[in-house]
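This report refers to the structure that appears directly beneath it.
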Amino acid sequence: MSGHGDSAARTPDEVLADLGAALRRARPQRRRRLARGAALTVTICAALVPAALAVLPGAPPDLTRPTGAKRPDAVGRPATVVTGPQYRLIATRCRFGGHALLALRLEVPGAAAGRRCDALTPAAVHGPVAPPIQLVDVAHGRSLVFGAVPTGTTLVRVQLVRRATGARVINGVFVATIRATDRLVGTVGFAADGTPTVRCDPEECA
Amino acid sequence: MDRDTVLSLYERLSRRLLVYFTRRTCDSELALDLVAETFAQALQGGYRGTSDAEAVAWIWGIARNLLAAYFKRGQIERRALRRLGIERPALTDAEAARIEELAGLGELREAVAEALAALGADQREALRLRVVEELEYPVVASRLGITEPTARARVSRGLRKLAQALEGAEPEVA
């Protein structure tokens with residue numbers, strides 16, 4: 001094991017011992033749980049944000065935005081880009097300096113999910129597109145996975161736990177209908193020649 | 001699972017995991033990252049079993065999931081390491097070489113090269129398109145001028161033969 005001409009080099013066991021020491025020093029931080037009152041406040045604020053935006057100009061409360069979320073330099077007008085059975089996908093263009101991406105919102109009867117330009121995580125802003133979202137549509141016993149893709153993408157493979165499905169790209173976005181019990185693992189976009197254009201997990205795309 | 005149990009499992013399993021990851025990524029730095037993330041995730045909790053065998057299986061489950069995610073995305077997940085602020089030890093070239101030697105990477109490369117050479121040209125090309133170029137099966141089939149089920153069969157049989165070669169070259173690790 002010492003035939004590499006470097007007597008100061010550690011053996012694999014010594015390297016692992018160093019890693020073990022680093023693991024021992026680490027202290028797991030408990031996830032902060034909001035007190036019931038605070039959680040109620042967050043829920044009420046979240047519910048009031050659209051109404052507040054409609055009435056008051058300016059940004060929503062920071063309480064509803066992820067840590068480190070940047071405010072966009074410009075926000076376009078929301079536009080419906082895809083409609084399907086009992087759903088509607090609305091896109092808003094967000095510009096951050098020279099980089100632009102779409103914030104998508106999917107609406108189904110009685111529920112909605114999506115992203116706001118001013119509430120994107122830093123990882124989402126720096127990626128080529130915002131990560132995909134899964135909306136569990138309880139009323140119709142289905143889930144909908146949706147997201148934006150880079151230019152040139154024609155097909156998206158939606159990777160779920162233990163299976164995958166495909167989705168066509170329309171107007172730079174995709175919507176895949178899956179079972180309510182399926183869970184999204186990630187998506188991969190492909191150009192017409194089969195070249196991957198983007199890989200996403202639910203938190204970031206690259 | 002409490003913290004002491006995870007650290008005790010680290011003492012027992014880290015060497016085998018390091019070899020496991022090194023043989024599958026052919027990169028000792030990546031392998032050490034994967035070992036570190038495996039146990040960082042274990043330290044974060046989530047284990048619900050009670051027996052020792054279940055705990056070991058749980059750790060291996062994390063390891064396999066991380067490896068699968070690496071193969072899928074081409075990059076290693078380091079969320080738990082970041083969250084816990086763990087810096088894995090940097091490796092010198094000599095240390096990386098020692099890990100590769102422990103994992104028997106030289107013999108493994110020879111075994112894979114031999115197994116690849118033993119494959120038919122059709123199977124080898126199908127494997128190259130699917131595994132190296134990461135093309136979807138319809139594209140592989142189109143490039144080779146065959147049907148999609150045939151493309152899948154060629155890749156599957158090729159992978160099986162390679163897997164048999166790798167199993168034959170798996171070293172014993174204490």
Side-chain angles (χ1 to χ4, degrees), chain A residues 1-32 121 123 127 131 153-162 164 166 185-206, chain B residues 3-4 6-7 10-11 14-15 17-19 22 28 31-33 35-36 38-40 42-45 65 68-69 72-75 77 79-81 83-103 129 133-140 142-143 173-174:
Chain A
M1 194 76 93
S2 56
H4 297 282
D6 185 350
S7 57
R10 294 164 297 177
T11 64
D13 287 335
E14 287 167 342
V15 170
L16 286 170
D18 287 348
L19 176 58
L23 287 166
R24 261 188 294 281
R25 284 193 298 272
R27 289 286 160 190
Q29 295 174 342
R30 291 202 177 279
R31 286 179 186 159
R32 261 190 248 163
T121 63
T153 306
T154 58
L155 186 75
V156 172
R157 184 175 68 203
V158 180
Q159 186 65 45
L160 309 163
V161 173
R162 284 188 289 277
V185 174
T187 55
V188 186
F190 294 96
D193 66 355
T195 313
T197 55
V198 67
R199 291 175 193 276
C200 299
D201 62 30
E203 291 185 30
E204 58 189 293
C205 295
Chain B
R3 178 184 164 72
D4 289 342
V6 173
L7 293 172
Y10 177 84
E11 299 299 328
S14 60
R15 201 168 198 259
L17 279 170
L18 183 62
V19 169
T22 305
S28 48
L32 195 59
D33 277 336
V35 172
T38 298
F39 284 95
L43 278 176
Q44 286 196 311
N65 286 342
K72 186 162 159 271
R73 294 179 200 151
Q75 63 186 40
E77 188 176 316
R79 280 180 210 149
L81 284 171
R83 208 167 284 151
L84 296 178
I86 296 169
E87 288 286 333
R88 72 121 170 106
L91 293 180
T92 65
D93 288 347
E95 288 163 353
R98 284 182 172 184
I99 291 175
E100 291 182 6
E101 186 178 290
L102 172 72
L129 292 173
E133 295 198 16
E134 294 187 328
L135 298 178
E136 291 292 285
Y137 278 110
V139 182
V140 174
S142 155
R143 293 254 181 112
V173 179

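Numbers restart at 1 for each chain; the letters A, B, ... are given by sequence-line order, proteins then strands. When reading the values below, keep in mind they use all heavy atoms of this one structure, side chains included, and skip hydrogens, waters and symmetry mates.
Residue contact with chain A, scored on non-hydrogen atoms closer than 4.5 Å, involves the backbone and the side chain of B:Ile99 alike. Within the 4.5 angstrom heavy-atom criterion, no atom of B:Leu81 approaches chain A. Only the backbone of B:Ala90 comes within less than 4.5 Å of a heavy atom in chain A; its side chain stays farther off. Heavy-atom distances place no part of A:Glu14 under 4.5 Å from chain B, backbone and side chain included. Contact of A:Arg24 with chain B is made through backbone and side chain together, with heavy-atom distances under 4.5 Å.
The most heavy-atom pairs under 4.5 Å with chain B, out of A:Asp201, A:Val185, A:Leu155, come from A:Asp201.
Considering only heavy atoms from C-beta on, B:Leu84 comes within 4.5 Å of B:Gln44 through its side chain.
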Derivation of the side-chain contact (heavy atoms from CB on, under 4.5 Å) call for B:Leu17 and B:Phe39
CA-CA 10 Å; B:Leu17 279 170; B:Phe39 284 95; 3.5 Å; yes
A:Leu23/B:Leu7 under side-chain contact (heavy atoms from CB on, under 4.5 Å): CA gap, chis, key distance, verdict:
CA-CA 8 Å; A:Leu23 287 166; B:Leu7 293 172; 4.1 Å; yes
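For the residue pair A:Thr11 and A:Asp13, no side-chain donor N or O sits within less than 3.5 Å of a side-chain acceptor on the partner.
Distance CG/B:Leu91 to CZ/B:Arg98: 11.5 Å, rounded to 0.5 Å.
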